[in-house]
Amino acid sequence: MSDGTGVVQRRRLTELTSSLDLTGQPLGTTVTGMERSAQRLGRALVVVVDDRVAQGEQDDNIGPLVTELLEEAGFIVDGTVAVAGETVDIRNALNTAVIGGVDVVITVGGTGVSPRDVTPDATAGVLDRPIPGIAEALRASGLAAGAVEAGVSRGLVGVSGSTLVVNLAGSRASVRDGMATLTPLVTHVIEQLSGLETA
């Protein structure tokens with residue numbers, strides 16, 4: 001986009017990553033008790049792909065839902081980033097998440113068939129290895145639950161470096177069903193990736 005949106009999003013990403021130390025912990029904090037236990041399940045980042053949210057024209061009501069579901073599953077959520085439906089902006093957010101060492105990054109929105117739905121296209125350029133089985137499971141469970149957006153989603157799932165990248169459709173029904181399907185699968189993938197790192 002030719003306006004300042006890209007600059008704003010880069011600033012948000014920079015603020016997010018600069019507030020973390022090299023272990024991904026917020027600066028000036030310690031990890032104790034329950035936090036340490038939760039950390040074993042991994043760190044996550046949420047990327048909301050929505051033009052109006054990214055431009056500050058509309059409140060984000062999807063990012064907090066994904067964050068809540070991730071935290072209920074035992075993940076530590078580093079934050080939520082809103083980006084416009086532009087391939088470069090989405091790819092930059094994903095690359096920042098991968099470089100930042102999060103275990104899973106979940107994008108929400110931009111997975112359909114309209115001209116502005118470019119999240120899967122941007123994601124394809126970031127993935128090292130796709131995991132089509134999980135993407136198909138998300139579509140199948142979404143359709144079965146009546147979440148039409150999930151059924152027609154072109155969303156991808158795969159690994160970039162040691163980070164699992166997941167595209168979810170943007171409706172609340174798709175997010176709720178998708179996270180229910182995804183959580184046990186994500187835990188399994190993260191365990192495998194962690195095993196590779198320590199092997």
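- To the nearest 0.5 angstrom, His188 atom NE2 is 14.5 Å from Thr183 atom OG1.
- Side-chain heavy atoms closer than 4.5 Å link hydrophobic residues (I, L, V, M, F, W, Y) into clusters, and following such links, even through other members, never connects Leu143 to Val157.
- A distance-only check finds no donor-acceptor pair linking the side chain of Ser174 to the backbone of Gly170 [under 3.5 Å].
- Residues Val166 and Leu164 form a side-chain contact, since some pair of their non-hydrogen atoms from C-beta on lies under 4.5 Å apart.
- With rounding to the nearest 0.5 angstrom, the CD1 atom of Ile190 is 9.0 Å from the OG1 atom of Thr163.
- A heavy-atom distance below 4.5 Å is found between the side chains of Val81 and Leu45.
- Between the side chains of Asn167 and Thr111, no donor-acceptor pair is found at a separation under 3.5 Å.
- For CZ of Arg172, the number of neighbouring non-hydrogen atoms (other residues, nucleotides, ligands) closer than 6.0 Å is greater than 12.
- Residue Ala54 comes nearest to Ala84 through the heavy atom pair CB-N, 3.5 Å, listed as atom of the first residue, atom of the second, then distance.
- Residues Ala169 and Glu149 approach most closely at CB-O, 3.7 Å, considering heavy atoms.
- Gly85 approaches Val118 most closely through the heavy-atom pair O-CG2, 3.6 Å.
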Handout entry: side chain to side chain contact (heavy atoms under 4.5 Å, CB included) evaluation trace for Val53 with Asp59
Key = CA-CA 6 Å; Val53 173; Asp59 290 337; over 6 Å; no
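- Two residues are said to be in side-chain contact when any heavy atoms from C-beta on lie closer than 4.5 Å; Val48 and Val83 fail this criterion.
- Expressed to the nearest 0.5 Å, how far CZ of Arg176 lies from CG of Leu168 amounts to 13.0 Å.
- No side-chain heavy atom of Asp103 sits under 4.5 Å from any side-chain heavy atom of Leu193.
- Under the rule for a salt bridge (charged side-chain N to carboxylate O under 4.0 Å, His left out), the partners of Arg154 that lie at least two apart in sequence or sit in another chain are Asp121.
- Atom CZ of Arg52 sits about 4.5 Å away from atom CD of Gln58, to the nearest 0.5 Å.
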Exercise for the section: Report the C-alpha distance between Leu70 and Val46 in whole Å, list the side-chain angles of each, state the deciding distance to 0.1 Å, and finish with yes or no for side chain to side chain contact (heavy atoms under 4.5 Å, CB included). Expected result: CA-CA 9 Å; Leu70 282 166; Val46 180; 3.8 Å; yes
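- Partners of Glu136 by salt bridge (charged side-chain N to carboxylate O under 4.0 Å, His left out), not counting sequence neighbours, listed by chain and number: Arg139.
- Within the 4.5 Å cutoff, the side chain of Ile106 has heavy atoms near those of the Leu182 side chain.
- A salt bridge links Arg116 with Glu86: the distance from a Lys NZ or Arg NE/NH1/NH2 to an Asp or Glu carboxylate oxygen falls below 4.0 Å.
- Formation of a donor-acceptor pair under 3.5 Å by the Asp117 side chain with backbone atoms of Val113 is found in this model.
- Judged by distance alone, the side chain of Ser141 and the main-chain N or O of Thr181 form no donor-acceptor pair under 3.5 Å.
- Here the straight-line distance linking atom CE of Met179 with atom CG of Leu138 works out to 10.0 Å at 0.5 Å rounding.
- Residue Ala44 comes nearest to Phe75 through the heavy atom pair CB-CB, 4.4 Å, listed as atom of the first residue, atom of the second, then distance.
- The main-chain N or O of Gly142 is found under 3.5 Å from a side-chain atom of Asp177 such that the two form a donor-acceptor pair.
- Counting heavy atoms from C-beta on, the side chains of Val189 and Ile134 come closer than 4.5 Å.
- The shortest distance between side-chain heavy atoms of Leu127 and Leu156 falls below 4.5 Å.
- Residues Asp78 and Val102 have side chains in contact (heavy-atom distance under 4.5 Å, counting atoms from C-beta outward).
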